[in-house]
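Below: one structure, written as structure tokens.
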Protein chains: 2
Amino acid sequence: MATRDSKDPDLERSLTLLWSGRPQGRRGPRPRLTVDGIARAAVEVADAEGIEALSMQRIATELGYSTMSLYNHVPSKDLLLEVAADIGAGPPPDIGDPDDFRPAVRRWVAALWAGFRLRPWMLRVPFDHAPVGPHQLAWLDRLLRPLLAAGLSGRQARVAALHLTAVVRGTAQISLSLAAVNRTDDGVPRSDADLARILTGFLDERDYPALTAVYTAELAGDTAADTADEDPLPFELGFGVDRFLDGVESWVAANRPGADS
Amino acid sequence: MATRDSKDPDLERSLTLLWSGRPQGRRGPRPRLTVDGIARAAVEVADAEGIEALSMQRIATELGYSTMSLYNHVPSKDLLLEVAADIGAGPPPDIGDPDDFRPAVRRWVAALWAGFRLRPWMLRVPFDHAPVGPHQLAWLDRLLRPLLAAGLSGRQARVAALHLTAVVRGTAQISLSLAAVNRTDDGVPRSDADLARILTGFLDERDYPALTAVYTAELAGDTAADTADEDPLPFELGFGVDRFLDGVESWVAANRPGADS
DNA sequence: CATTAGAACGTATGACATACACAGTTTTAG
DNA sequence: CTAAAACTGTGTATGTCATACGTTCTAATG
């Protein structure tokens with residue numbers, strides 16, 4: 001049951017690694033390193049210097065051990081990243097009464113968004129299967145509660161949760177990377193409007209009619225007050241989420257007695 | 001104007017690379033390699049052997065040139081990947097009459113889904129800013145047309161498009177990676193149900209009530225006939241998209257005269 | 001006590017991206 | 001018409017990285 005073997009497919013390994021309640025009474029010297037400690041160090045490094053700086057060597061020196069000792073506890077960097085991502089996710093947010101469907105889901109979305117804003121490196125962790133870590137599943141569980149409470153079936157709730165997760169991730173990937181470019185850029189702080197301005201220079205209106213229409217409108221200062229400051233969802237994310245919730249709401253209202261699809 | 005210089009931030013470079021209409025009348029020997037040819041070779045390699053096999057050396061030998069010659073045309077692997085991703089996207093699909101809002105959007109979504117199914121490696125190309133390549137923008141343009149036709153404002157259409165793109169990407173990332181695990185796995189072909197079965201072994205019902213409820217229901221064969229075969233959207237993707245479209249529809253109906261947010 | 005699983009370590013290997021200097025080739029300036 | 005300039009393709013070199021392997025030491029078990 002060492003960590004230094006078995007390169008079988010994947011899922012089982014992730015699971016045992018992520019959920020390992022240390023089996024008692026092993027031989028050998030007492031381990032001074034732990035999976036958890038290693039992953040926690042990885043999170044610290046990623047928080048401080050981004051995911052590019054995250055090498056096995058970096059983690060090891062951070063902990064004061066040799067690079068290879070990590071491999072006694074973790075079978076590969078990929079798996080380690082998976083554990084780090086689960087730890088990085090942290091415990092799920094409190095979203096209030098799940099029966100209060102809409103605000104509960106909105107709070108969940110806002111929390112995930114805030115999480116990605118806090119740890120942008122989590123957007124870079126490649127994503128190899130459905131979430132299986134304890135924290136990730138706890139997040140999922142919290143989201144499923146209001147969705148089920150709203151009247152969705154199990155299957156529907158599951159895909160709705162997937163939908164929402166994907167939306168937050170995708171939106172964050174685009175919006176937050178823009179912010180990252182801002183940091184490295186010395187001159188102009190780039191923004192949506194800047195992008196629009198640059199692009200319109202390249203676009204031929206005949207090839208991209210809708211796009212040029214949208215961007216020129218955007219440049220004409222359609223930018224509208226960024227709604228309420230207390231709303232933690234930016235328009236970019238909130239509009240889509242709200243439309244989706246509208247749709248879910250009316251759908252459950254219409255299909256109250258009906259079965260699945 | 002060589003490619004062998006200027007490491008300034010990012011966006012401008014991507015743009016000039018992606019849109020470069022070869023400026024005529026340069027000195028030096030006629031280039032035998034082109035950005036396009038290189039990127040096309042990259043696509044071939046990725047198609048055949050996945051993105052892990054995609055190294056600069058691999059591309060170069062594929063083309064019969066030395067590794068370093070690539071750098072005369074492409075400033076870095078990251079930028080090259082961006083170009084390859086744009087080429088891999090290909091021209092946007094024909095989605096029919098944009099005024100026929102719903103089916104048009106659905107066709108677009110189905111096409112993108114099919115694209116990711118065909119080239120799963122595109123899901124692994126890191127995603128550093130809003131799309132700027134000619135093909136990517138053409139896809140975006142095609143999606144914006146029905147959204148605008150449906151009555152959304154420019155800004156709303158833009159975020160709706162972002163929303164839909166994110167959903168397809170995210171859903172594909174999870175569902176298609178499952179399929180990939182299937183391929184490497186020798187014994188059981190894993191599926192949603194398998195995942196459910198495995199997970200329920202780990203989960204404590206008290207910590208994950210909603211999740212266990214969903215999964216046990218799923219195991220009880222809630223799996224329902226996979227709807228129509230002619231519907232190119234799997235339930236996983238279609239349900240969310242349809243709810244979103246419902247929401248958009250009712251929203252534009254309600255806010256016909258109103259301005260933005 | 002003797003055995004043995006397992007921990008930490010060092011060294012080694014093989015990819016890989018990319019910097020740099022060189023040699024050959026066209027185009028343009030004088 | 002010639003010479004410099006700009007550029008292409010190549011070879012070699014460097015530094016980083018994940019990870020395989022063998023060794024040594026430690027502590028729990030028979």
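Numbered from 1 within each chain, the chains take letters A, B, ... in sequence-line order.
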**OP:** Give one of base, sugar-phosphate or nothing for A:M68, where a contact means two heavy atoms less than 4.0 Å apart.
**Re:**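 Counting heavy atoms under 4.0 Å across all strands, the contact made by A:M68 includes a base.
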**OP:** Give B:T67 one of three labels, base, sugar-phosphate or nothing, depending on what nucleic acid heavy atoms sit under 4.0 Å from its own.
**Re:**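 Since a base atom lies under 4.0 Å of B:T67, the category is base.
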Any side-chain N or O of [X] under 4.0 Å from OP1/OP2 of [N]?
X: B:Q57; N: C:dA17; result: yes
X: B:Y65; N: D:dG9; result: no
X: B:H73; N: D:dG9; result: yes
X: B:S66; N: D:dT10; result: yes

Over how many whole Å does the gap from [X] atom [atom1] to [N] atom [atom2] extend?
X: A:E52; N: C:dT18; atom1: CD; atom2: P; result: 13 Å
X: A:L33; N: C:dA7; atom1: CG; atom2: C1'; result: 9 Å
X: A:N72; N: D:dC21; atom1: CG; atom2: P; result: 14 Å
X: A:L63; N: C:dC9; atom1: CG; atom2: P; result: 11 Å
X: B:L54; N: C:dC16; atom1: CG; atom2: C1'; result: 12 Å
X: B:I51; N: C:dA15; atom1: CD1; atom2: P; result: 20 Å
X: A:M56; N: C:dA15; atom1: CE; atom2: C1'; result: 17 Å
X: B:L80; N: C:dA17; atom1: CG; atom2: P; result: 10 Å

**OP:** Please report the C-alpha distance between B:L137 and A:L211 in whole Å, then the side-chain angles of each, then the deciding distance to 0.1 Å, and finally whether the side chain to side chain contact (heavy atoms under 4.5 Å, CB included) criterion is met.
**Re:** CA-CA 8 Å; B:L137 289 179; A:L211 200 56; 3.7 Å; yes
Subject >> Side-chain donor or acceptor of B:S175 paired with backbone N/O of B:A172 under 3.5 Å >> reply: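 Here the side-chain-to-backbone pair does not exist.
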**OP:** Grab the two heavy atoms, one from A:V125 and one from A:R169, that are nearest each other, plus how far apart they are.
**Re:**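 Closest approach of A:V125 to A:R169, heavy atoms only: O-NH2, 3.5 Å.
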Original post:
Around A:E49, counting heavy atoms of other residues, nucleotides and ligands shown, do more than 12 lie under 6.0 Å from its CD?
Top reply: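 Enclosed: over 12 neighbouring heavy atoms sit under 6.0 Å from CD of A:E49.
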Original post:
Is A:E62 atom CD crowded by more than 12 heavy atoms from other residues, nucleotides or ligands, each under 6.0 Å away?
Top reply: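 Atom CD in A:E62 is crowded, with more than 12 foreign heavy atoms closer than 6.0 Å.
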Original post:
Thinking salt bridges, do B:E44 and B:R40 make one under a 4.0 Å N-O criterion?
Top reply: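 B:R40 and B:E44: not salt-bridged.
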I'd like a table of atom pairs between the protein and nucleotides 24-26 of chain C - only N or O on both sides, under 3.5 Å - with the distance next to each one.
residue: C:dT26; atom: O2; partner: B:G28; partner atom: N; Å: 3.4

Subject >> Nucleotide nearest A:K77 when distance is taken to its side chain, options D:dT10, C:dA17, D:dA18 >> reply: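 Within the option list, the nearest is D:dA18.
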Subject >> Chi angles and distances behind the side chain to side chain contact (heavy atoms under 4.5 Å, CB included) call for B:F116, B:Q173 >> reply: CA-CA 9 Å; B:F116 283 133; B:Q173 235 150 12; over 6 Å; no
**OP:** Map B:S55 and A:S69 onto DNA chain C by nearest heavy atom, then report which one ends up closer to the 5' terminus.
**Re:**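 Whichever sits nearer the 5' end wins; that is A:S69.
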